[in-house]
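These numbers come from the heavy atoms of this one structure, side chains and all, not from hydrogens, waters or symmetry mates.
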Amino acid sequence: MIFLSFFFLLIIFLFYFTTDHSSHPTGHMALLKKINQILLLLLVLTVCAILYNKVHQVPLALKNETVDLESPEEMEEEIPVVICAAAGRMGAAVAAISSIYSNTEANVLFYIVGLKTTIPHIRKWIENSKLKEIKFKVVEFNPMVLKGKIRQDASRPELLQPLNFVRFYLPLLIQKHEKVIYLDDDVIVQGDIQELYDTKLAPGHAAAFSDDCDLPSTHEMIRSVGMQNTYMGFLDYRKQAIRDLGISPSTCSFNPGVIVANMTEWKHQRITKQLEKWMQRNVEENLYSSTLGGGVATSPMLIVFHGKYSSINPMWHIRHLGWSPDARYSEQFLQEAKLLHWNGRYKPWDYPSVHTDLWENWFIPDPSGKFKLTRPDS
């Protein structure tokens with residue numbers, strides 16, 4: 001701006017003094033002519049200097065004090081995947097992460113959630129194995145947020161572990177992402193996680209799940225082991241508070257072990273607060289229990305998300321592999337599946353269990369030797 005102002009002042013000055021003023025003495029006119037020549041020379045030099053700076057100016061983005069240029073990988077959208085690493089089953093999280101990382105070219109950022117006592121172990125496991133190349137953040141979950149919200153139930157105490165409720169608090173743990181994938185640790189991924197991330201959520205929906213009635217190929221498995229796939233299997237319809245919801249007990253349930261969540265909608269609808277409300281009501285009224293199909297984490301989600309969730313492609317959540325040590329899917333069906341879930345008591349790192357070979361393909365031994373697989377010959 002200073003150069004432009006100086007430029008226009010020179011133009012006005014020259015215009016004035018190059019005008020024919022016949023009344024001026026000859027000597028005076030000669031002096032003015034000399035001044036004009038000098039000013040004209042300065043003007044030309046100034047214009048040349050401006051043009052030179054324009055041509056040779058360092059691009060703004062390359063200066064230290066400006067926005068850094070990102071590499072193509074950094075500019076690619078990150079896919080945040082949340083997995084818990086619990087004591088006693090940390091190998092599950094490692095196998096899940098290994099399967100995801102090995103089957104995608106996407107820019108995945110793993111959020112590995114653990115308690116304070118388990119974090120050093122999982123970090124060492126990752127940094128001293130072939131997973132050291134992954135992008136990950138370790139997040140500590142404070143179990144104090146659950147104080148007074150969990151009804152003690154001795155029938156299946158493993159379902160009361162604090163990390164089982166991490167999915168309720170996703171916006172508090174993962175803050176910079178619009179869309180997030182949550183996975184239970186007892187899964188392996190055989191497809192490209194990008195496909196799951198691309199799941200479309202309808203307007204107003206905070207999450208997408210897989211319905212328990214959505215895949216005919218799983219119906220025989222469900223019948224063979226006596227599993228429930230309706231709300232009747234999760235909520236106690238003898239309680240007035242449940243009946244007042246107006247939800248038919250024959251309504252198809254969903255499994256929250258695989259979630260694609262919209263964080264903006266989740267926060268806007270105050271989903272966490274709603275879930276906590278039903279946790280508190282269960283403490284006071286015993287509306288559901290771990291003796292029912294889904295324990296204490298599924299039931300609040302069935303209530304809060306009833307009629308307000310989108311659907312995940314059924315092949316992205318083939319589950320019930322952990323419900324019986326005898327019931328099996330066909331090998332062809334399992335090969336076509338994008339994600340396998342050993343929900344239930346019979347986990348693939350323990351014995352007895354089924355389809356353990358598919359899980360073990362992705363397992364990475366613990367460098368510290370603390371976590372060991374349980375096998376018939378061990």
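- Around CD of Gln240, the count of heavy atoms belonging to other residues, nucleotides or ligands within 6.0 Å exceeds 12.
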Side-chain donor-acceptor contacts of residues 138-150 below 3.5 Å, not counting sequence neighbours, with atom names and distances?
| unit_1 | atom_1 | unit_2 | atom_2 | d |
| --- | --- | --- | --- | --- |
| Asn142 | OD1 | Met144 | N | 3.0 |
| Lys149 | NZ | Val145 | O | 2.7 |

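- Counting heavy atoms from C-beta on, the side chains of Ile188 and Leu358 come closer than 4.5 Å.
- Taking the six-membered ring for Trp and thresholds of 30 and 60 degrees, Trp359 and Phe363 have nearly parallel ring planes, at less than 30 degrees apart.
- Looking only at distances, no side-chain donor or acceptor of Thr356 sits under 3.5 Å from a matching main-chain atom of Ser353.
- Atom CZ of Arg243 has more than 12 heavy atoms from other residues, nucleotides or ligands within 6.0 Å.
- Using modelled atom types, no side-chain atom of Ser299 and backbone atom of Val296 make a donor-acceptor pair closer than 3.5 Å.
- Checking His341 against Asp186 by side-chain atom types alone, a donor-acceptor pair falls below 3.5 Å.
- In terms of modelled atom types and a separation under 3.5 Å, the side chain of Arg270 and the main chain of Lys267 share no donor-acceptor contact.
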Are Glu285 and Lys239 close enough, and set up right, to give a salt bridge (Lys or Arg N to Asp or Glu O under 4.0 Å), and what steps lead you there? CA-CA 8 Å; Glu285 304 174 50; Lys239 302 297 174 65; over 6 Å; no

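- In summary, Asp236 and Arg238 engage in a salt bridge, as defined by a charged side-chain N under 4.0 Å from a carboxylate O.
- Side-chain atoms of Ser324 and Arg345 include no donor-acceptor pair closer than 3.5 Å.
- When only modelled atom types and interatomic distance are considered, Glu133 and Tyr101 share no side-chain donor-acceptor pair under 3.5 Å.
- Note on Glu284 versus Arg151: no salt bridge recorded, every NZ/NE/NH1/NH2 to OD/OE distance being 4.0 Å or above.
- The closest side-chain heavy-atom distance from Val108 to Glu78 is not below 4.5 Å.
- Ring centroids of Phe209 and Phe254 are separated by less than 6.0 Å, placing the two rings close together.
- Taking 4.5 Å as the limit, some side-chain heavy atom of Trp349 sits within range of a side-chain heavy atom of Arg89.
- Looking at Trp266 and Thr272, their side chains do bring a donor and an acceptor atom within 3.5 Å of each other.
- Phe333 and Tyr329 have their aromatic ring centers within a separation under 6.0 angstrom.
- Using a 4.0 Å cut-off between charged nitrogen and carboxylate oxygen, Lys338 and Asp192 do not count as a salt-bridge pair.
- With no hydrogens or angles considered, no side-chain donor-acceptor pair links Gln190 and Ser99 at under 3.5 Å.
- Both Ile364 and Leu183 are part of a single hydrophobic cluster, where members link through side-chain heavy atoms under 4.5 Å apart.
- Side-chain heavy atoms closer than 4.5 Å link hydrophobic residues (I, L, V, M, F, W, Y) into clusters, and following such links, possibly through other members, connects Met90 to Leu131.
- With ring centers used as reference points, Tyr231 lies under 6.0 Å from His306.
- Taking a cutoff of 4.0 Å between a charged side-chain nitrogen and a carboxylate oxygen, Glu276 and Arg281 do not qualify as a salt bridge.
- Side-chain N/O atoms of Asp211 and Tyr309 include a donor and acceptor closer than 3.5 Å.
- Under a hydrophobic clustering in which Ile, Leu, Val, Met, Phe, Trp and Tyr are joined whenever their side-chain heavy atoms come within less than 4.5 Å, directly or via other members, Trp362 and Leu373 fall into the same cluster.
- Applying the side-chain hydrogen bond (donor to acceptor under 3.5 Å, both in side chains) test between Ser253 and each of Thr298, Asp212, Thr230 identifies Asp212 as the sole match.
- Phe168 CZ to Met279 CE: the interatomic distance, rounded to the nearest 0.5 Å, is 5.5 Å.
- Relative ring orientation between Trp125 and His121 is described as parallel, the plane-to-plane angle staying below 30° on a 0-90° scale split at 30° and 60°.
- At least one donor-acceptor pair closer than 3.5 Å links the side chain of Arg167 to the backbone N or O of Pro256.
- Using a 4.5 Å cut-off on side-chain heavy atoms (C-beta onward), Lys179 and Asn262 make no contact.
- Hydrophobic clustering (side-chain heavy atoms under 4.5 Å, transitive across Ile, Leu, Val, Met, Phe, Trp, Tyr) keeps Leu321 apart from Tyr346.
- The pair Asp366-Lys372 fails the salt-bridge criterion, with no side-chain N (NZ, NE, NH1 or NH2) lying under 4.0 Å from an Asp/Glu carboxylate O.
- In terms of modelled atom types and a separation under 3.5 Å, the side chain of Asn103 and the main chain of Gly191 share no donor-acceptor contact.
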